[in-house]
Each structure stands twice: as structure tokens, then as C-alpha cells.
Amino acid sequence: MSLRAPLFYQIPEQTAQIARAAFPKGNPYMRMRDALGPIYTNPAFAHLFPKEGQPAEAPAHLALVTIMQFAEGLSDEQTATAVRGRIDWKYALALELTDSGFDASVLCEFRKRLIVGNAELLLFDTMLTLFREEGLIKAKGRQRTDSTHVLAAIHVLNRLECVGETLRHALNVLATEDPDWLTSWVPSVWFERYSQRFEDYRLPPEKPARYALAEQIGTDGVRLLQHVYASDAPTGLRDLPAVQVLRQVWIQQFYAVADEQPIHWRTADDLPPALLLISSPYDPDARYGKKRSTEWTGYKVHLTETCDDDTPNLITDVLTTVAPISDFEVLPTIHQQLAERQCVPGEQIVDSGYPTADHVLTSGETHGIDLIGPLADDHSWQARAGAGFAAAQFVIDWERQCATCPQGHTSAEWLARTDEHDQTSIQIKFAKLDCTSCPVRAQCTQSKTQPRFLQVRDRAHYEVLAAARQRQKTELFKTQYAARAGIEGTISQGTRTSDLRRSRYIGLPKTRLLHLLIAAALNFIRVAAWLAETPRARTRQSAFARLVPASG
């Protein structure tokens with residue numbers, strides 16, 4: 001479909017007249033149109049359409065419709081109906097009252113076009129750029145970041161269900177692709193074994209029987225792969241995604257001692273890490289994740305938003321990853337994306353899972369960000385005991401390359417090493433004679449024969465870590481960090497309006513687009529509320545919790 005649409009649209013006079021009569025006090029969509037214009041223009045989407053072919057629906061309209069759809073949590077069918085029937089939508093889209101809209105399938109096609117054209121960020125970034133140019137994002141202001149779990153749009157499977165469903169899914173796809181080839185060799189017993197879903201209540205409860213069934217499924221899967229990869233098999237079958245997933249799952253879940261030998265089901269200890277382990281054939285990107293007490297199969301989304309008092313709280317970055325990726329791993333990526341959008345904050349308040357000494361150092365040096373978040377405490381037994389001599393109680397002289405213990409003894413050895421991650425650490429060792437005769441040795445080391453040994457990072461990281469740990473004990477830090485809790489409201493709003501914690505779609509690319517659209521919709525809602533001078537909602541408390549000050 002080709003793009004043959006005008007640059008922008010004027011609101012028809014009759015549409016404007018009736019809309020203002022219907023909403024004399026204003027309306028969020030009308031208010032946004034009046035204040036900011038159309039937001040999207042057709043030329044911005046020209047690279048996604050061929051130059052020839054049937055004219056497509058105006059992408060500027062579809063983009064704004066998509067934002068309004070996610071702002072209200074509507075299905076595609078409900079959205080198409082709203083375009084046809086709602087006067088406020090017609091005003092925002094500059095449509096004639098008689099405009100009949102479009103079929104709901106156009107919205108699905110538009111989202112697909114964004115993904116295929118690597119334009120998932122287009123709607124979010126275009127709107128955010130407009131808001132930044134309007135002064136709604138403060139330069140070097142305050143921002144906060146947190147993450148939450150996202151459930152994949154699949155039924156969670158245990159290991160036995162996963163291998164059974166993987167083989168069954170491959171058979172179903174092959175039966176659709178080339179039924180004659182499949183029926184020419186498939187054993188008749190497979191029709192009984194793989195015609196129904198593998199569900200736990202149907203499976204044998206005893207462990208030996210479950211292992212036997214798993215290895216039977218494994219043997220059948222190997223046989224299927226041998227036929228698919230045979231030289232006389234129809235071309236193209238081995239490239240089917242379902243076959244590729246079957247091959248990967250079999251490598252992960254089974255092993256053979258030697259060729260022509262029976263395959264064996266791997267033990268749980270012999271499985272790949274969660275980052276690589278496929279959890280379902282129906283969404284190969286979904287992974288098992290755990291954050292504190294929450295366990296799930298799917299993805300994780302990281303949201304960063306502004307939190308200045310004199311501007312609306314706007315989401316400036318959205319990052320969707322598979323579930324096992326740790327928070328601290330993605331912080332450099334978040335900083336890079338903020339820099340590309342010209343939205344780098346002066347202060348960034350983050351959850352405890354994000355900051356490390358590396359991050360505190362590089363975020364300040366590279367981006368000028370004051371990273372505010374609790375760093376992990378010293379977990380040595382000396383620090384936990386409270387009465388012991390932890391590393392922080394030793395005085396380190398970096399110029400002389402020595403350390404002095406609390407009893408005044410100077411270290412005997414100083415050795416700098418670089419580990420496999422290219423991180424430099426300093427190994428400091430005290431003299432055995434000094435430690436052996438020390439009257440408080442029990443507070444310093446538990447070894448009966450070896451002297452005290454310290455291992456610290458290089459000077460820059462050591463000093464940053466020490467300063468950060470000292471700062472997080474102050475009242476000022478507690479006051480600054482209290483602002484982080486506000487992003488919980490953003491996660492809650494995204495969950496309530498568009499089901500942020502549950503993906504509508506299969507696969508990481510579609511889930512990433514979903515989160516970007518939700519974030520753009522939340523920004524749209526918040527700017528509309530800001531223009532209407534709607535006060536921010538206060539944190540809600542239960543009736544019982546409100547009694548605490550009165551009774552105290």
C-alpha cells in the first residue's frame with residue numbers, strides 16, 4: 001500500500017462546531033489538538049510505505065488513533081468503532097462527521113509495519129520530542145527509574161509439558177505446511193500421543209514414569225528432525241520457526257552419550273541458564289525470571305520518568321528485555337538512550353537493583369548524572385558483626401600503596417590485578433607477625449594461621465563506593481530517595497489502563513512495541529491533564545492506615 005496523504009489536516013468547520021457544543025468545558029483530546037496541533041504528520045512515515053500501490057490509510061491518523069487506543073485500553077474493534085462514532089476523536093483527527101473510518105484490521109497492519117520497518121520508537125520519540133520542545137521536560141532535571149515483570153501471552157509450562165508441546169506444535173505446523181509428506185511416514189501411535197495438549201493433570205505423577213515419557217518424547221523428536229533434515233525432505237521445512245525451536249529445545253533438554261544411542265533427559269542441574277532456556281514453543285523469546293519473591297515467565301520492562309515539581313511527570317525511556325536480565329545490566333543502555341533523546345537528567349533516582357560503583361562513577365563522568373540509589377552494603381562477616389573490623393575501617397594510602405589497620409599496623413603487600421571482566425582490584429596483605437600477636441585478632445580475621453587480607457577495587461571505584469555508602473546513611477539521601485516511590489504509581493497506571501504487566505502479543509519485538517505505545521499513551525494522558533491544570537493525585541491510603549496519625 002502506498003502513501004498518498006496530505007501533509008496535515010484542518011479540522012472541518014462542522015466537526016469543530018458540534019464538538020465544542022458537545023464539550024463546552026473542553027475534552028482531553030480536543031485540548032491536546034488545540035494546544036499541540038496534530039502531533040504526527042504523514043511524511044514522517046513515508047519510509048514505511050512503497051511508492052506504488054493502493055493508497056493506504058493516513059499513517060498520521062493511525063498513529064494518533066493508536067495512542068488514543070492505548071490511553072483507554074481499547075481493543076482494535078472498539079478503537080475502529082470510536083473513530084466512526086465519537087465526536088471528540090473526529091475533532092482530534094480532523095475528520096468530517098460523515099467519515100466512515102476504517103476496518104479494525106488496519107490497526108494490526110499498522111503495528112506490523114512499524115515492527116518490520118524498525119520504527120517501533122517512532123510514535124514514542126516523536127511525541128516526546130514535541131513535549132521537550134514545548135518545555136515540558138526540564139533540562140538536567142530529576143528522573144526516576146524502576147522495572148516490573150511482564151507475563152508472556154502463554155500458558156506457563158513445566159519441563160515435561162514444554163517438550164511435549166514443542167513436538168506437538170512442530171507436528172501441527174508441518175501438518176499445515178505439507179500434510180502429504182508428514183502422513184507418508186509418521187507412526188500411527190503419534191496420532192494418539194500428540195493429538196491433545198500436554199497438561200500436567202494428564203501426565204503420570206510418578207517420577208520414573210515421567211522420565212520415561214520425557215525420553216519417549218525425546219526419541220520421537222529426534223526421529224522427526226531426522227526426517228525433516230533428510231536429503232529427500234521438501235525444501236523449506238527445516239527453516240520453519242517451529243522446527244528451529246524444536247531443534248533448540250532438544251539440544252537444551254536432552255543429550256545422547258553417542259550416535260545411535262538412546263537420548264536422555266537432562267537433570268535440572270544440567271540445563272542452560274534461564275537467559276537461554278526456552279520456556280514455551282509458542283513464545284520462544286519468553287524466559288523465566290525472578291525478582292525478590294516474584295517469579296514469572298515472560299519479560300521485564302524498565303521505565304524512566306521525570307519527577308520535577310513544575311512539569312508533568314513524563315516517561316523518557318522504555319526498555320523491554322527478557323525476564324532474567326538484571327537491572328544493573330541495563331542502566332548504561334538507559335543512559336545512552338536518554339542521551340540520544342536529549343533527556344539526560346541531572347539526578348536519577350533508581351531502585352536498589354540498579355546502582356553499582358561502576359555505574360555511579362561512569363554516569364557522573366560520561367553523562368553528568370548524580371545517581372541516587374542504595375548501593376549494596378559490605379557483606380563481610382566483620383561488617384555484619386558490627387564489632388568487627390570491616391574494610392572501611394582500614395586507612396588506605398593510595399600514593400604510598402599501603403593500608404593501615406585499626407591497630408596501627410601497616411600492610412606488607414600491595415598487588416594490583418585485572419580480572420576476566422577487565423576490572424582492576426587491589427589485594428592488600430598484612431604481615432603474619434603483626435596479625436599473630438594482635439590482641440583483637442578475633443575481630444579482624446577468623447583464620448587461625450593466615451594474616452588479614454583485603455581486596456578492594458581501584459582508587460576511583462573504592463572512593464566512589466565509600467562516599468555513596470556514607471551518603472545513603474544521611475537524612476538528605478532519605479528525602480531524595482523518597483521520590484523514587486512515585487514511579488510505582490506510573491507502573492500502576494500503565495497496568496490499569498493498558499495491562500502493562502501482561503503482554504498482548506507474542507515475542508519480544510511486539511512486546512517492546514506494546515510498552516512503547518503504553519508509555520506514549522501515558523504521556524499523552526498526563527500532558528492533557530497538565531493542560532487542564534488537574535492537580536496530581538495524592539498517594540492513597542486505606543481507611544485503617546489513615547487512623548495512624550490520629551491514634552499516635
Side-chain angles (χ1 to χ4, degrees), residues 70 73 75-76 108 111-112 115 120 147-177 193-203 210 213-214 217-218 220-221 224 240-254 265-266 268 271-291 293-302 318-325 491 494-495 498-518:
F70 281 87
S75 66
D76 288 352
C108 180
R111 293 192 298 270
K112 181 180 179 181
I115 293 175
E120 300 97 327
S147 66
T148 190
H149 64 277
V150 179
L151 304 179
I154 55 173
H155 179 67
V156 177
L157 306 174
N158 61 39
R159 285 185 62 200
L160 184 53
E161 290 174 315
C162 180
V163 296
E165 281 299 301
T166 300
L167 180 52
R168 196 177 77 90
H169 176 56
L171 288 170
N172 283 330
V173 171
L174 290 169
T176 303
E177 190 73 20
R193 190 176 295 158
Y194 301 111
S195 292
Q196 292 185 324
R197 285 188 65 91
F198 279 79
E199 297 181 277
D200 198 47
Y201 76 92
R202 299 177 183 272
L203 303 176
R210 294 172 78 93
L213 177 57
I217 295 170
D220 293 343
L224 174 59
L240 293 171
V243 173
Q244 291 299 313
V245 170
L246 175 68
R247 181 174 174 272
Q248 293 177 57
V249 170
W250 255 236
I251 292 172
Q252 293 178 352
Q253 297 285 353
F254 300 97
W265 203 25
R266 294 183 185 273
L271 293 175
L275 184 61
L276 302 177
L277 188 63
I278 295 175
S279 299
S280 170
Y282 305 111
D283 188 349
D285 291 337
R287 296 289 187 270
Y288 168 82
K290 182 176 182 180
K291 184 176 182 181
S293 60
T294 303
E295 299 181 54
W296 75 101
T297 298
Y299 306 94
K300 185 187 288 186
V301 60
H302 303 261
V318 183
L319 180 61
T320 305
T321 68
V322 292
I325 298 293
I491 293 172
T495 301
S498 297
D499 215 359
L500 176 69
R501 286 192 171 117
R502 186 182 295 274
S503 180
R504 295 185 183 186
Y505 311 120
I506 298 295
L508 181 59
K510 290 184 179 180
T511 302
R512 181 185 292 117
L513 175 62
L514 168 68
H515 293 151
L516 288 163
L517 295 177
I518 292 174

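Between Pro281 and Leu157 there is a side-chain heavy-atom pair separated by less than 4.5 Å. Taking 4.5 Å as the limit, some side-chain heavy atom of Ile506 sits within range of a side-chain heavy atom of Ile154. In this structure, the side chains of Trp250 and Val163 come closer than 4.5 Å at one or more pairs of heavy atoms. Side chains of Arg512 and Val318 form no contact here, defined as non-hydrogen atoms less than 4.5 Å apart. Counting heavy atoms from C-beta outward, Tyr194 and Asn172 have side chains that stay 4.5 Å or more apart. Annotation: side chain of Phe198 is not in contact with side chain of Leu167 (no heavy-atom distance under 4.5 Å). Using a 4.5 Å cut-off on side-chain heavy atoms (C-beta onward), Leu224 and Leu171 make contact. The shortest side-chain heavy-atom distance between Asp285 and Pro509 falls under the 4.5 Å cut-off.
Smallest separation of non-hydrogen atoms from Leu246 and Gly221: CD2-O, 4.4 Å. The two atoms that bring Lys300 and Ile325 nearest to each other are NZ-O, 3.0 Å, heavy atoms only. The minimum heavy-atom distance linking Ala268 with Arg159 is given by the pair N-NH1, 3.8 Å. The minimum heavy-atom distance between Phe70 and Ile518, with the atom names listed, is CD2-CG1, 3.9 Å. Annotation for Ala242 and Val173: closest pair CB-CG2, 3.7 Å, computed over non-hydrogen atoms. Contact between Gly164 and Ile217 at its shortest, heavy atoms only, is CA-CD1, 4.0 Å.
For the atom pair Leu514 CG and Arg502 CZ, the distance stands at 12.5 Å (nearest 0.5 Å). With rounding to the nearest 0.5 Å, the separation of CG in Leu500 from OG1 in Thr495 is 4.5 Å. Of the inter-residue distances, the one linking Thr166 atom OG1 with Arg247 atom CZ reads 14.5 Å to the nearest 0.5 angstrom. Atom CZ of Arg168 and atom CZ of Arg193 lie 14.5 Å apart (nearest 0.5 Å). Interatomic distance, OH of Tyr288 versus CG of Leu271, reported as 13.0 Å (0.5 Å rounding). Here the CD atom belonging to Gln253 is positioned 6.0 Å from the SG atom belonging to Cys162, to the nearest 0.5 angstrom.
Surrounding CD of Gln252 are more than 12 heavy atoms belonging to other residues, nucleotides or ligands, all under 6.0 Å away. Under a cut-off of 6.0 angstrom, the local environment of CZ in Arg197 is crowded, with over 12 non-hydrogen atoms contributed by other residues, nucleotides or ligands.
Judged by a 6.0 Å distance limit and a 45° cone about the ring axis, Arg501 is not positioned over the six-membered ring of Trp296.
Under the 3.5 Å distance criterion, the side-chain polar atoms of Ser498 are left unmatched by any main-chain donor or acceptor of Gly494. A donor-acceptor pair under 3.5 Å is formed between the side chain of Ser503 and the backbone N or O of Tyr505.
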Practice item. Mind running side-chain contact (heavy atoms from CB on, under 4.5 Å) on Glu161 and Leu203 for me, showing each step along the way? Key: CA-CA 9 Å; Glu161 290 174 315; Leu203 303 176; 4.0 Å; yes
Check your understanding: After noting the C-alpha distance and the side-chain angles of Val243 and Leu174, does the key distance pass the side-chain contact (heavy atoms from CB on, under 4.5 Å) rule?
Key -> CA-CA 9 Å; Val243 173; Leu174 290 169; 4.2 Å; yes
Point to revise | Audit row: Ser280, Thr297, side-chain contact (heavy atoms from CB on, under 4.5 Å) steps and yes/no | key: CA-CA 9 Å; Ser280 170; Thr297 298; 6.0 Å; no
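Applying the ring-ring contact (aromatic ring centres under 6.0 Å, His included) criterion to His302, with sequence neighbours excluded, gives Tyr354.
Note on Arg210 versus Asp200: salt bridge recorded, some NZ/NE/NH1/NH2 to OD/OE distance being below 4.0 Å.
Side-chain contact of His515 with Thr320: a donor-acceptor pair under 3.5 Å is present, judged by distance alone.
Note: His169 and Tyr282 have perpendicular aromatic rings, judged against thresholds of 30 and 60 degrees for the angle between ring planes.
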